[in-house]
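What follows is a single structure, written as structure tokens, with notes after it.
Only a predicted model underlies this, so the values are computations on that prediction, with no experimental measurement involved. To find a chain, count down the sequence lines: A is the first, B the second, and so on, and within it residues start at 1.
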Amino acid sequence: MKQLRSLRGMVDLLPEQTCCWQATEEIARNHFLKAGFHEIRTPLIEVTDLFARGIGEATDVVGKEMYSFLDKGDRSCTLRPEGTASVVRAVLQNGLLNKGPQRLWYGGPMFRYERPQAGRQRQFHQIGVEYIGAGNARSDAEVISLAWRLLYELGLDNLVLELNTLGSSEDREVYKSKLVSWLEAHVEEIDEESRNRVNTNPLRILDTKNTQTQAILKKAPSLMDSISDESRQRFVEVQELLEALEIPFKLNPRLVRGLDYYNHTAFEITSSQLGAQGTVCGGGRYDGLIEQLGGPPTPSIGWAIGMERLMLLLGMYAEINPKGNAGRLKKSVSPDLYLINRGLKADKFALLLAHKLRAEGLIVELDNSGASFGKQFKRADRSGSFWALIIGDEEVAQNKVKLKSMKTSSPQQDQNNSEHLYDLTDIRGLINQINHKDSTNL
RNA sequence: GCGGGCGUCGCCAAGUGGUUAAGGCAGCGGCUUGUGGCGCCGCUAUUCGGGGGUUCGAAUCCCCUCGCUCGCCCCA
């Protein structure tokens, strides 16, 4: 039979990776907690219309990347391609705004039907925050610094924060029509892909990688010149706050986020080490979205970090500097104790003892093989465990167990020094010794 | 959806038309059923992603197909 495989772009996370993911997630969780952000969990599947209305019909995400299907009741459903729309829906549905502004974070898998490449999968993971009901420049600075500091805390210090403003929704509309009429006059000069976008998503043309089009665009009306004084003043304030927070940034007037709902502040945190997909974190303000989804006018801002890209970076940092923050995350856990046992009675003793020691909080790996002592010692060694605990017929007969350090330099020679018998009625004494790894001479 | 690169064991690979498809790592077993790092010995691909063709003969050449990968588009 042919070997079954995961679907294209869907990858398994194996035990050697999950330890690093868990460590990273824990740091993020604590980071959010300290800042007063609380977790929200929403379904992976939503009504297609939520994304169509929220993200925008003209975007690639909605236009060609959604995993959509009809359920048995003929409802059009979609696997979430991003988190913001779902969070906003949940906030509205549960009336959370009645309790005031919401500081929320979320994490989990997202789905986009695209060709996989480095740093891109069809099922990928994001962690993100949404600060809903917050409109002033201070909230922009707070949310951006939350991302920046988290990445810094994880050990990533070579990242670049790129910043731009899209102006208010009105500014954006005004600029959009100016840009479109300019583009229509210059349609012959720009590349074909950009031409196709004139009527669907003109702002994105500013971000084209086509160098010829870029050169021509230099003469186009600039977004900065079109936005209102009020919006400009707001942007200046955000920059001043970031400077006060000692967060370096680079202005990038071509940074135009892809999803329709963004206005005012837009930002990305990027790395040059990730290949073509350099954005680790992307976000911005979306003051119009809540209204668009049927809620009251509610200014909001948020971001999302791509977990796979983050892990890629952490892996690279860990290699360069194993002792740095990123390096520490990679460490896998080995058991405190490897329980060697042989013989029918020893078998039951070992099982019971393992349970007791685990109840005391120890990580206990129980050998189930019934193989020779030699084999079991070999496995104990490989497990990375500091201690081996031996239960055989001799021990059972005496109601004792033998504890042995596996970290001695020469295995057999100091057998007598590295082994010690413990009475089974004295579990506390045993546990105390196990927790004192430093004093190897028993 | 469109380009480029690549598919030989769990991993890294040699082999580029001639009888048995190197080697290394890992794994398993033994020397060793009461003591682990080392050592030695043995085992582990009837088959080279799959299908078809050329040939006396194919992992090697041709065609198709599937998969992986990198890039474009776009994003996290």
_If the cut-off is 4.0 Å, is A:Arg120 near the phosphate of B:A76, judged by side-chain N/O to OP1 or OP2?_
no
When A:Ala276 and A:Met406 are each assigned the nearest nucleotide of RNA chain B, the 5'-most assignment goes to A:Met406
Between A:Arg309 and A:Ser271, does any side-chain donor sit less than 3.5 Å from a side-chain acceptor?
no
Open item on the list: Check the phosphate of B:A76 against A:Arg80, side-chain N and O only, distance under 4.0 Å to OP1 or OP2. Yes or no?
Closed with: no
* Asked: Between A:Thr279 and A:Glu268, do the side chains contain an N or O donor and an N or O acceptor separated by less than 3.5 Å?
  -> yes
Pairwise P distance, B:G67 and B:G30 [rounded to whole Å]:
43 Å
Given the options A:Asp336, A:Leu337, A:Asn341, A:Leu389 meets side-chain contact (heavy atoms from CB on, under 4.5 Å) only with A:Leu337
For A:Leu310, which contact category applies under a 4.0 Å heavy-atom criterion: base, sugar-phosphate, or nothing? nothing
In numerical order, the residues of residues 13-32 of chain A whose heavy atoms come under 4.0 Å of RNA chain B are none
Q: Identify whether NZ of Lys or CZ of Arg in A:Arg80 sits under 6.0 Å from the centre of the six-membered ring of A:Phe51 and within 45° of that ring's axis.
A: no
Re B:U55: Watson-Crick or G-U wobble partner, both distances kept under 3.5 Å, found to be none
Separation of the P atoms in B:C70 and B:C63, to the nearest angstrom = 26 Å
As its Watson-Crick or G-U partner within any shown strand, both distances under 3.5 Å, B:C43 has B:G27
request  = Look at all strands and tell whether A:Val280 reaches a base, only sugar-phosphate, or nothing, counting heavy atoms closer than 4.0 Å.
outcome  = sugar-phosphate
_Mind checking if A:Gly282 touches a base, just sugar-phosphate, or nothing, with heavy atoms under 4.0 Å?_
sugar-phosphate
Determine whether a donor-acceptor pair (one donor, one acceptor, N or O, separation below 3.5 Å) exists between the side chain of A:Glu395 and the base of B:G34. yes
Using Watson-Crick geometry (N1-N3 plus N6-O4 or O6-N4) or G-U wobble (N1-O2, O6-N3), each under 3.5 Å, B:C2 is paired with B:G71
Out of B:G34, B:A76, B:C28, minimum distance to the side chain of A:Phe124 belongs to B:A76
Would you indicate what A:Gln376 reaches in the nucleic acid, counting non-hydrogen atoms under 4.0 angstrom: base, sugar-phosphate, or nothing? nothing
_For a quick check of understanding: with a heavy-atom distance under 4.0 Å over all strands, which category does A:Asp381 fall into, base, sugar-phosphate or nothing?_
base
**OP:** Using only heavy-atom distances, determine whether the side chains of A:Tyr338 and A:Asp367 contain a donor-acceptor pair under 3.5 Å.
**Re:** yes
* Asked: Under 4.0 angstrom, heavy atoms only, what part of the nucleic acid is A:Gly275 near: base, sugar-phosphate, or nothing?
  -> sugar-phosphate
| said: If you go through the side-chain atoms of A:Glu114, does one of them form a donor-acceptor pair with the base of B:A76 closer than 3.5 Å? | reply: yes
- prompt: Going by atom types alone, do A:Glu46 and A:Thr78 pair a side-chain donor with an acceptor below 3.5 Å?
  reply: no
| field | Proximity of A:Trp105 and A:Phe32 rings by center, below 6.0 Å | value | yes
Polar-atom pairs under 3.5 Å, protein N or O versus N or O of nucleotides 3-12 of chain B: list them with distances, or write none.
residue, atom, partner, partner atom, Å
B:G3, O6, A:Arg115, NH2, 3.4

Taking the C1' atom of each, how far is B:U20 from B:G57, in whole Å? 16 Å
From the list A:His125, A:Gln277, A:Gln126, side-chain hydrogen bond (donor to acceptor under 3.5 Å, both in side chains) partner of A:Glu308 resolves to A:His125
>> Rounding to an integer number of angstrom, what distance separates B:A45 and B:G50 when you compare their P atoms?
In response: 16 Å
Q.
If only side-chain N and O atoms count, and only distance matters, is there a donor-acceptor pair under 3.5 Å linking A:Arg285 with A:Ser139?
A. yes
Other residues, nucleotides, ligands: >12 heavy atoms within 6.0 Å of A:Phe69 CZ: yes
Residues A:Asn325 and A:Glu153: closest non-hydrogen pair is ND2-O, 3.2 Å
By the Watson-Crick or G-U definition, both distances under 3.5 Å, B:C48 is matched with none
Could you run down the sub-3.5 Å N/O contacts of the protein with nucleotides 29-31 of chain B?
residue, atom, partner, partner atom, Å
B:G30, OP2, A:Lys375, NZ, 3.1

key: P atoms of B:C9 and B:A22, separation to the nearest Å   = 13 Å
Looking for any heavy atom pair under 4.0 Å, which part of the strands does A:Ala118 touch: base, sugar-phosphate only, or nothing? sugar-phosphate
Exercise for the section: Report, as yes or no, whether the 6.0 Å neighbourhood of atom CD on A:Glu319 holds more than 12 heavy atoms from other residues, nucleotides or ligands. Expected result: no
**Prompt:** Which part of the nucleic acid, if any, lies within reach of A:Glu268 when heavy atoms closer than 4.0 Å are counted: base, sugar-phosphate only, or nothing?
**Reply:** nothing
Of B:U35, B:C73, B:G34, the nucleotide closest to the side chain of A:Glu394 is B:G34
The answer to which of A:Ser372 and A:Pro116 contacts RNA chain B further toward the 5' end, by nearest nucleotide, is A:Ser372
Is A:Gln117 side chain donor-acceptor paired with the B:U69 base, going by distance under 3.5 Å alone? no
Between OH of A:Tyr338 and P of B:G34 the distance, given in whole Å, is 17 Å
Pairing partner of B:U16, by Watson-Crick or G-U wobble and under 3.5 Å for both distances, is none
A:Arg122 atom CZ is separated from B:A76 atom P, nearest whole Å, by 18 Å
Handout entry: Distance-only polar pair, side chains of A:Asp140 and A:Thr265, donor-acceptor under 3.5 Å
Key = yes
Discussion item. Against the six-membered ring of A:Phe377, is A:Lys404 placed for a cation-pi contact (under 6.0 Å from the centre, within 45° of the normal)?
Written reply: yes
